[in-house]
Structures are given as structure tokens and as C-alpha cells.
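Have a look at the structure below before the remarks.
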Amino acid sequence: MGDVTDGDYTKDGNGDTVDALKWLKCPHKFVHSSKQNTAEDTKVKRSSGSDAKPSDPYRYRMDYPCMGTCLVINNKNFDRSTGKKKTINEQTEHAIKQTVKENKQATSSNDHSQNASFVCVLLSHGDEGVVYGTDGFEKFEDLIRCLKGDNCKSLVGKPKLFFIQACRGSALDDGCSIETDSVVDQTSERIPVEADFLYAYSTAPGYYSWRNTSNGSWFIQSLCKNLDKFSGQLELMQIMTRVNHHVALDFESASTLPGFDYKKQIPCIVSLLTKDFYFHNKQ
């Protein structure tokens with residue numbers, strides 16, 4: 001996920017660090033030292049349990065032969081102090097764009113009629129509105145344009161889910177103390193080309209995104225935990241609210257970098273979905 005070097009900035013090389021540091025002297029170095037894991041296309045077979053009834057106008061149909069494609073792009077830096085660079089499977093900003101465009105299930109020229117959805121998980125460096133490849137950045141809007149309703153007809157009306165682990169600026173969240181209270185489907189209608197997208201960002205606009213050097217990013221940890229726990233039981237936005245709750249309350253930075261200790265983070269979920277989305281029950 002394109003993070004800065006770990007050992008230099010964390011307690012015992014096993015603490016927390018942000019995904020990018022604005023004040024690095026040579027920003028191009030952290031881009032070129034990224035490692036790109038191979039983008040993975042994962043077909044998920046249909047299962048029974050939580051399929052929506054075709055007559056339900058407020059729930060996405062999941063009774064297709066295939067759930068769809070999950071495209072994973074993972075950029076990761078290595079510690080600069082080792083003097084080594086990993087260049088295997090790296091993705092430039094152009095290559096990331098082409099990966100999304102040329103993916104068999106992610107272009108307007110391919111037929112998604114047998115698929116229920118499209119999912120993309122993107123882990124890299126970032127800033128507000130942009131995502132970094134190994135040699136530069138690309139506007140996030142440009143990356144997803146090929147999947148919008150006017151370009152990809154076979155995904156119209158189907159959920160397109162993006163989970164983005166990347167910084168969105170250089171602000172730090174100091175947190176604050178509070179007292180908590182503990183104890184009918186018109187398919188013939190025209191729809192907006194921006195409809196049926198969900199963008200789940202690891203952090204709020206303008207802020208750093210944190211990860212633990214041993215356990216991984218706070219957001220992805222929580223996302224995996226809550227998807228595993230609640231899939232087939234709760235609607236996606238309910239699950240994402242629990243992700244927000246988990247990240248906001250259960251994580252706090254531990255860093256020896258001056259000014260970076262005891263910081264907080266809150267994910268940002270932007271939903272343009274028009275129906276409820278349920279993952280299949282686990283078998």
C-alpha cells in the first residue's frame with residue numbers, strides 16, 4: 001500500500017506510520033521504490049442465502065451466475081535503510097490506469113451481464129483526488145471513468161465498490177475527548193451515470209492514512225474483520241459504519257516521529273448506491 005519506510009519512524013520498528021510524508025526531500029523516490037503485487041482477478045461463485053428477490057426494488061440482485069470481479073492493486077514501499085529496491089511487478093501511474101481499463105471484467109467492451117457487481121481494492125500513496133503509481137500520480141476520477149454508466153453499459157444499475165487505502169492530504173487528527181452514552185423497481189427509467197458507486201476511503205479528505213508496520217493498515221484490518229463477521233447478516237453501509245466505529249475508537253498512532261504520536265483516523269464512506277447491498281452468506 002505504498003507506505004513510507006517503517007523502521008525509521010516507528011517504535012521498535014513495530015509501530016504506526018502514515019502512508020506518505022509530504023516533506024520527503026525526493027518524492028519520486030518513494031514512488032519508484034514501491035512494490036506492486038500482481039493485480040488479482042478473483043471470480044466468486046454464486047451461493048445461496050442472501051440473494052435478493054427480483055421483485056425487491058430496494059435491494060441489489062445477487063442471483064447472477066457470478067458475483068463479479070475483484071481487482072486488487074497493491075503498491076508497497078520497502079525500508080530505505082536497507083539500500084534495496086524491489087522493482088518486480090511495479091505499476092506506474094499509466095500502468096494502474098491501464099490495469100483498470102484492460103481488465104477483462106472492467107471495460108465497456110466486455111459483457112458484465114452475468115456478473116452481479118464489480119469491486120476494486122486500491123492500496124497506494126495518495127493525495128486529495130489522486131492516487132500514485134511508481135512514477136507519478138493519476139486522478140482517481142480518470143481511473144474510474146471507464147466504469148461509469150455511459151461507458152460500461154453492462155454494469156449499469158449494478159454496484160461498483162471501491163476501497164481505497166491511501167493518504168488524502170497531510171493533516172493529522174489529534175482526536176478529542178467526549179463523554180459517550182455507552183450502555184417498485186422502474187427499470188425503464190433513466191439513471192445517472194454516477195449512480196451505483198461506493199467509494200470507501202481509508203481517511204477523511206485532507207488527512208494522512210495510518211498503518212501498523214506489523215498488522216497492516218488500520219482501515220484494511222477493520223474492513224476485513226467486519227466483512228468476515230457481518231457478511232450475509234448486515235447491509236454494506238451498516239458494515240462500513242462498524243468499520244468507521246472500529247477505526248475511530250480502537251486505533252491510535254504510536255510513533256517516535258515528532259508530532260505523529262497519539263493520532264486518530266476516521267474513514268470516509270461516499271455512497272452513490274441506489275439499493276441495499278448484501279454479500280452472500282458464508283458457506
Side-chain angles (χ1 to χ4, degrees), residues 1-3 19-20 34-44 66-77 89-93 95-107 112 115-126 129-134 137-148 152 155 158-168 196-203 209-212 215-231 236-237 239-240 242-244 246-247 265 267-273 277-280:
M1 63 188 149
D3 303 310
D19 284 338
S34 299
K35 176 183 178 182
Q36 169 61 43
N37 289 348
T38 303
E40 301 170 351
D41 294 340
T42 306
K43 290 270 188 174
V44 183
C66 182
M67 278 281 285
T69 294
C70 180
L71 173 64
V72 180
I73 299 176
N74 182 23
N75 288 344
K76 181 174 174 57
N77 277 358
N89 295 326
E90 288 186 345
Q91 289 260 289
T92 65
E93 56 89 8
I96 290 178
K97 188 174 182 180
Q98 288 302 112
T99 298
V100 176
K101 278 189 172 183
E102 295 174 0
N103 184 270
K104 289 183 178 180
Q105 301 296 326
T107 65
H112 294 260
N115 297 337
S117 61
F118 174 83
V119 178
C120 179
V121 183
L122 182 55
L123 308 94
S124 187
H125 281 299
V130 303
V131 176
Y132 277 89
T134 58
F137 62 84
E138 184 71 34
K139 290 183 178 179
F140 183 70
E141 176 64 25
D142 291 341
L143 290 176
I144 64 173
R145 183 171 292 125
C146 61
L147 295 171
K148 293 191 175 181
C152 192
L155 279 177
K158 298 177 181 179
K160 296 163 281 287
L161 314 178
F162 287 82
F163 301 92
I164 306 102
Q165 169 62 40
C167 287
R168 303 180 70 188
D196 301 301
F197 280 86
L198 178 131
Y199 309 106
Y201 296 95
S202 60
T203 191
S209 183
W210 287 90
R211 70 175 177 86
N212 183 271
N215 300 322
S217 72
W218 301 355
F219 175 66
I220 298 299
Q221 285 183 65
S222 181
L223 178 65
C224 292
K225 177 180 179 179
N226 283 280
L227 285 176
D228 183 64
K229 183 175 182 180
F230 295 114
S231 289
L236 179 58
M237 291 303 296
I239 296 176
M240 297 313 300
R242 282 159 175 76
V243 171
N244 281 6
H246 185 213
V247 173
Q265 179 178 317
C268 178
I269 316 302
V270 180
S271 175
L272 285 73
L273 299 179
F277 181 94
Y278 285 86
F279 289 101
H280 291 301

(Q) Is any side-chain heavy atom of T203 closer than 4.5 Å to one of C167? (A) no
Minimum side-chain heavy-atom gap V119-M67 below 4.5 Å:
no
- Message: Between Q265 and S202 (side chain of the first, backbone of the second, donor and acceptor by atom type, cut-off under 3.5 Å), is there such a pair?
- Response: yes
- Hey, does the side chain of K160 reach the backbone of L155 with a donor-acceptor pair shorter than 3.5 angstrom? yes
Point to revise | Student check: side-chain heavy atoms of I269 and V243 closer than 4.5 Å | key: no
Separation between CD (E138) and CD1 (I144), nearest 0.5 Å, reads 11.5 Å
Output for pair (L147 CG, C152 SG), nearest 0.5 Å, gives 6.0 Å
> Between the main-chain N or O of Y132 and the side-chain N or O of S124, is there a donor-acceptor pair closer than 3.5 Å?
Replying inline: yes
The reported gap from CZ in R168 to OG in S209 (rounded to nearest 0.5 angstrom) is 10.0 Å
For K139, the side chain to side chain contact (heavy atoms under 4.5 Å, CB included) test, sequence neighbours excluded, returns V130, D142
Sequence neighbours excluded, the answer for side chain to side chain contact (heavy atoms under 4.5 Å, CB included) partners of C224 is I220
Of all heavy-atom pairs linking K158 and N115, the shortest is NZ-O, 2.8 Å
Tightest non-hydrogen contact, residues F219 and Y201, listed as CE1-O, 4.0 Å
One should read off an interatomic distance between L236 CG and Y278 OH, to the nearest 0.5 angstrom, of 10.5 Å
Could you check whether any side-chain N or O of T69 sits under 3.5 Å from a backbone N or O of F118, counting only pairs where one atom can act as donor and the other as acceptor? no
query = Within the distance-only criterion (no hydrogens, no angle test), does the side chain of S271 pair as donor or acceptor with the backbone N or O of L273 below 3.5 angstrom?
reply = yes
When rounded to the nearest 0.5 Å, the distance separating CG of L123 from CG of N74 is 5.0 Å
Review point. Is the backbone N or O of L227 less than 3.5 Å from a side-chain atom of S231, with the two atoms forming a donor-acceptor pair by type?
Key: yes
So F277 and F279, would you call those rings parallel, tilted or perpendicular, with 30° and 60° as cut-offs? perpendicular
Between the main-chain N or O of G216 and the side-chain N or O of Q221, is there a donor-acceptor pair closer than 3.5 Å?
-> yes
Heavy-atom nearest pair, P159 first then A116, reads CD-O, 3.4 Å
Would you mind reporting whether V131 and I73 have side-chain heavy atoms less than 4.5 Å apart? no
* Under a 4.5 Å cut-off applied to non-hydrogen side-chain atoms, are M240 and L223 in contact? -> yes
Q. Can you say whether the rings of F197 and F162 are parallel (under 30°), tilted (30 to 60°) or perpendicular (over 60°)?
A. parallel
